[in-house]
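Residues take their numbers from the sequence shown, with the count starting at 1.
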Amino acid sequence: MASIFVSDKLPTSTLLELKVGDLINNNQDLSGTIQKIEIGETDEFLMFRFVLADGEIEVRKLKQVC
């Protein structure tokens, strides 16, 4: 299974499709299998927190305002 690169450039829909057990990386120093996913929301941002066995990757997405 290929590792999925996650960043704030990835579409929100793709981030929402990720699930526990998927292999991800941040193209820097972290990669691993998702153990837990937390999604938080503010007025301006969606916050994705992917917990891995050896750390966590956070992605902040600006909400689209129409």
Quiz item: Side-chain contact, heavy-atom cut-off 4.5 Å: Leu18 with Ile4?
Solution: yes
Quiz item: Quick one: does Ser3's side chain get under 4.5 Å of Phe5's, heavy atoms only?
Solution: no
Quiz item: Do Ile57 and Phe48 touch side chain to side chain, with heavy atoms closer than 4.5 Å?
Solution: no
Taking distance alone, no hydrogens or angles, what donor-acceptor pairs closer than 3.5 Å link side-chain atoms of residues 27-34 to residues at least two apart or in another chain?
none

Quiz item: Could you walk me through whether Val6 and Asn25 pass the side chain to side chain contact (heavy atoms under 4.5 Å, CB included) check?
Solution: CA-CA 6 Å; Val6 295; Asn25 73 79; over 6 Å; no
Quiz item: So, for Asp8 and Lys61, which heavy atoms are closest and what is the spacing to 0.1 Å?
Solution: O-NZ, 2.9 Å
Quiz item: So do Phe45 and Leu62 actually touch side chain to side chain, heavy atoms under 4.5 Å?
Solution: yes
Quiz item: Out of curiosity, does Leu16 fall in the hydrophobic cluster containing Ile37 (side-chain heavy atoms, cut-off under 4.5 Å, transitive links)?
Solution: yes
Exercise. Dump the intermediate steps for side chain to side chain contact (heavy atoms under 4.5 Å, CB included) on Phe50 and Asp22, then the final yes or no.
Key: CA-CA 10 Å; Phe50 301 100; Asp22 285 346; over 6 Å; no
Self-check item: ILVMFWY cluster, Ile39 and Leu15 together (side-chain gap under 4.5 Å)
Solution: yes
Self-check item: Counterpart residues, side-chain contact (heavy atoms from CB on, under 4.5 Å), relative to Thr14 (two or more places apart)
Solution: Leu10, Pro11
Quiz item: Which residues satisfy the side-chain contact (heavy atoms from CB on, under 4.5 Å) test with Arg49, sequence neighbours excluded?
Solution: Glu38, Val51, Glu56, Glu58
Practice problem: Any chance you could lay out the side chain to side chain contact (heavy atoms under 4.5 Å, CB included) test for Glu44 and Lys63, step after step, and finish with the verdict? | Solution: CA-CA 6 Å; Glu44 298 175 25; Lys63 282 187 178 177; 6.0 Å; no
